[in-house]
Structure formats: structure tokens, C-alpha cells
Amino acid sequence: MTTNPYAAPIVDWYATHQRDLPWRRPDAGPWAVLVSEIMLQQTPVARVLPVYHEWLARWPSPADLAKEPAGEAVRMWGRLGYPRRALNLHRIAQAVVERHGGRVPDDHGRLLELPGVGSYTAAAVASFAFGGRHSVLDTNVRRVLARLVSGEEFPPKATTSAERRLADSLLPDEDAPTWGVAVMELGALVCTARSPRCADCPVAERCAWRLAGKPGYDGPPRRGQRYAGTDRQCRGRLLAVLRNADGPVPKAALDAVWDEPVQRERALDALIADGLVDPLDDGGYALPG
DNA sequence: CACTCGTGGTA
DNA sequence: TTACCAAGAGT
């Protein structure tokens, strides 16, 4: 028995309103689910879709990717952003081959040991790919629970133990994965950050935030992350040069895309430290081999 | 814990 | 146009 009064209406809503996404289809195995979850970190579905298809067509199993140079993963990643995730997927593939016989582990703790797999992704894979009972606490779920249960427009900046406890308390004994994906989908399609479509919400009558008159967010101002002129933009440009080149490039090709030399060298050193760029003996640079 | 780490779409 | 936002993780 569950004490979650939201489960039935939200799961019913999901049954008729869910998007047809490839990683939710029956033929999507654990590797496909894991690839999708890494790609979806901080990245919209629409931009993930084409890369996801290319990726799995080329590397249908972890072993297929593990055989490749890491640079191939970085190149395939394209402009998805946060390219360390491409490196993480390559390292994950190698770890899965070396430590788990080529199979993505189903255990939450074992998943957490993989690079780039944190609390959310471990729960998502254990739940969606293996049917495990875990709270998937992503930005969508946090926002839905903040409004529906806590009566606040937005959740705290960082996930709190109270949020974790709340999510755990709502986790159904049966079919927890469907509850999790249904709440996520509700947050993605209806209970959105900007202008929630409460008229289409299956639990609007129970929503604490709506019933309270939708009070405005009163927490500390959430800093907007600037991009222009930052090291991140510089890194992005440098790596784009290497992605777009067939092979190694001379240093001059990197110098050409960023004027400020101190920042440029710092960004390049950071890329090398991350393993995203290989400095060559001849002074050139390449994607990692 | 606050900060870093890409990129592009939207209001 | 600026600002916010998008299935987070690592330090």
C-alpha cells in the first residue's frame, strides 16, 4: 500500500501524455539508458536526440566504445556541451568491460562508482533500466514536489536531506520506475519552470503552491551564469577547433580563436589536465588517443 | 557548500 | 537584448 495520493493521477496522466522517447522504448537496454542519462545532464531532449542515435548506432555496447580512442567519443559528442561527459562515457565503457564483464551494473552503489554518475544518474539507471526502487530526484521532480507538496515555486538551490526524505516517502512500493518517470515528465511538460500549465495538471486540485495563490519565489536570487568571456567559452572554442580538424592542429590554430593569451593558456592547460586534449611532441595538439 | 563546467533555445 | 533555463557531477 502506498500513502502517496499523487501517484494514481500522475501515472494515469503519464500513460496518455508521455513523449515517445527512444530511451524509453522496450528495446532500449541498460547501456542505451545510461548513454541517454549522461547526455541529458543539463542538456535539452531535442539536442540530445540526434547524437544519441548516432552514438548507439556506432557503439551499440560498452565494449564497442571501450575499443575506441577517447577522442572519437569527444568528436562524436559534437556541441552537446560539457564535453567531459564524453570522456566519462568512454571511461564508463572501459570500467564496465574491465570490472563488470561488459554489462552495465544494476546496483545503485556500483553505478555510483562510475565516473560522471552521481546520485541522480545512478538512481535513474537502476530504476529505468533495471526496475529498481529508487528516488529519481532531478530538477523536474524537485520542482514538482516543491510546488505540489511544499507550496513553493522553486526548490532550494542545492538538494536538501528534506527533499530526499520527501521523495523517498512518496516512492510507491510497486512500479516505482513509472512513478519516477511520470513525475519527471509532468515537470518537463506541465509543471515547467517558467509558465506552468496548471490547467493541464492532473493534480492541480491538490497542489499546495496553486492553492496558496502561487506565491512568488522568496529565496536568495539565483545567480545567472554568464558565459561570454569566461574560461568555459574559451575552452569551447579551443575544443571546437580540434573537433573540426581531421587530425592534429598546430598551436597557431588554437591561438587564432581566442585573443587573450593568459586566459587561453589557462583554458588549454585545463583541457589537457581534464584529458580532453593531448599535447604532442612536435608542439601540436590533438583529441586524446 | 559555492563554484566550475558548454551550448543553444526562448521570452 | 539580456536573462533564464535545460533528465547534474566533481571539487
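On a predicted model such as this, the values are computed, not experimentally measured, just so you know. Chain naming here is simple, since letters A, B, ... match the order of the sequence lines and numbering starts at 1 in each.
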Rounded distance (Å) that lies between atom C1' of C:dG8 and atom CE of A:Met184: 12 Å
Taking atom C1' in both C:dG8 and B:dC1, what distance in whole Å separates the two? 16 Å
Less than 3.5 Å apart, any donor N or O on the side chain of A:Tyr120 or A:Gln41 sitting next to an acceptor on the other? no
Looking across every strand, which nucleic acid part, if any, lies under 4.0 Å from A:Trp77 by heavy atom: base, sugar-phosphate, or nothing? nothing
Report which part of the nucleic acid A:Leu21 touches: base, sugar-phosphate, or nothing (heavy-atom distance under 4.0 Å, all strands). base
Between CD of A:Glu37 and C1' of C:dA9 the distance, given in whole Å, is 14 Å
Between C:dA7 and B:dC5, how far apart are the P atoms? Round to whole Å, please. 23 Å
Row check, A:Phe154 ring normal vs A:Arg147 NZ/CZ: under 6.0 Å, within 45°: yes
Hydrophobic clustering (ILVMFWY, side-chain heavy atoms < 4.5 Å, transitive) - are A:Leu112 and A:Phe128 grouped together? no
Think A:Arg266 has a side-chain N or O under 4.0 angstrom from the OP1 or OP2 of B:dT4? no
With respect to the phosphate group of B:dT7, does any side-chain polar atom (N or O) of A:Tyr227 fall under 4.0 Å of OP1 or OP2? yes
Here the distance between atom P of B:dT7 and atom CZ of A:Arg85, to the nearest Å, is 10 Å
Taking the side chain of A:Arg235 as its heavy atoms from C-beta onward, which of C:dC5, B:dT7, B:dC5 lies nearest to it? B:dC5
Just call it for A:Ala193: base, sugar-phosphate, or nothing, with non-hydrogen atoms closer than 4.0 Å on any strand. sugar-phosphate
Under 4.0 Å between a side-chain nitrogen and a carboxylate oxygen: does that hold for A:Lys214 and A:Glu153? no
If you assign A:Gly187 and A:Val117 each to the DNA chain C nucleotide with the nearest heavy atom, which residue ends up on the more 5' nucleotide? A:Gly187
Given C:dA9, B:dC5, C:dA7, the nucleotide with the shortest approach to the side chain of A:Leu40: C:dA7
With respect to the phosphate group of B:dG8, does any side-chain polar atom (N or O) of A:Arg79 fall under 4.0 Å of OP1 or OP2? yes
Quick check on C:dG8: is either OP1 or OP2 less than 4.0 Å from any side-chain nitrogen or oxygen of A:Gln41? no
To the nearest Å, how far apart are A:Arg232 CZ and B:dC5 P? 7 Å
A:Thr230 side chain near B:dC5 phosphate (N/O to OP1/OP2, under 4.0 Å): no
Picking from C:dA7, B:dC5, B:dG6, the nucleotide nearest the side-chain atoms of A:Pro83 would be B:dG6
Send over the distance from A:Arg226 CZ to C:dC4 C1', rounded to a whole Å. 12 Å
What contact category does A:Arg142 fall into here, base, sugar-phosphate, or nothing, at under 4.0 angstrom with non-hydrogen atoms? nothing
Provide, to the nearest angstrom, the distance between the CG atom belonging to A:Leu87 and the P atom belonging to B:dC5. 16 Å
Polar contact flag, side-chain donor to acceptor under 3.5 angstrom, A:Arg164-A:Ser119: yes
Interatomic distance where NZ belongs to A:Lys157 and C1' belongs to C:dC4 [whole Å]: 14 Å
Closest approach of A:Val33 to A:Ala28 (non-hydrogen atoms, all atoms of both residues): CG2-O, 4.2 Å
Compare the minimum distances between each of C:dA6, B:dC5, C:dC5 and the side chain of A:Tyr82, then state the nucleotide with the smallest one. B:dC5
Under 4.0 Å, counting only non-hydrogen atoms across every strand here, what does A:Ser195 touch: a base, just sugar-phosphate, or nothing? nothing
How would you label the contact of A:Gly118 with the nucleic acid (heavy atoms, under 4.0 Å): base, sugar-phosphate, or nothing? sugar-phosphate
Answer with yes or no whether A:Thr43 presents, from its side chain, a donor or acceptor under 3.5 Å of a partner atom in the base of B:dG6. yes
May I have the distance from A:Leu34 (atom CG) to C:dA9 (atom C1'), rounded to whole angstrom? 14 Å
Students often get this wrong, so: under 4.0 angstrom with heavy atoms, is A:Leu80 touching a base, only sugar-phosphate, or nothing? base
A:Thr192 near the nucleic acid: base, sugar-phosphate alone, or nothing, with a heavy-atom cut-off under 4.0 Å? nothing
Below 3.5 Å, does any donor atom in the side chain of A:Arg47 face an acceptor in the base of B:dT7, or the other way round? yes
Check A:Arg264 with A:Asp259, please: is the shortest side-chain N to carboxylate O separation under 4.0 Å? no
Take atom P in B:dG6 and the same atom in C:dT11, then report the distance between them in whole Å. 14 Å
Between the base of C:dC4 and the side chain of A:Arg194, is there any donor-acceptor pair under 3.5 Å? yes
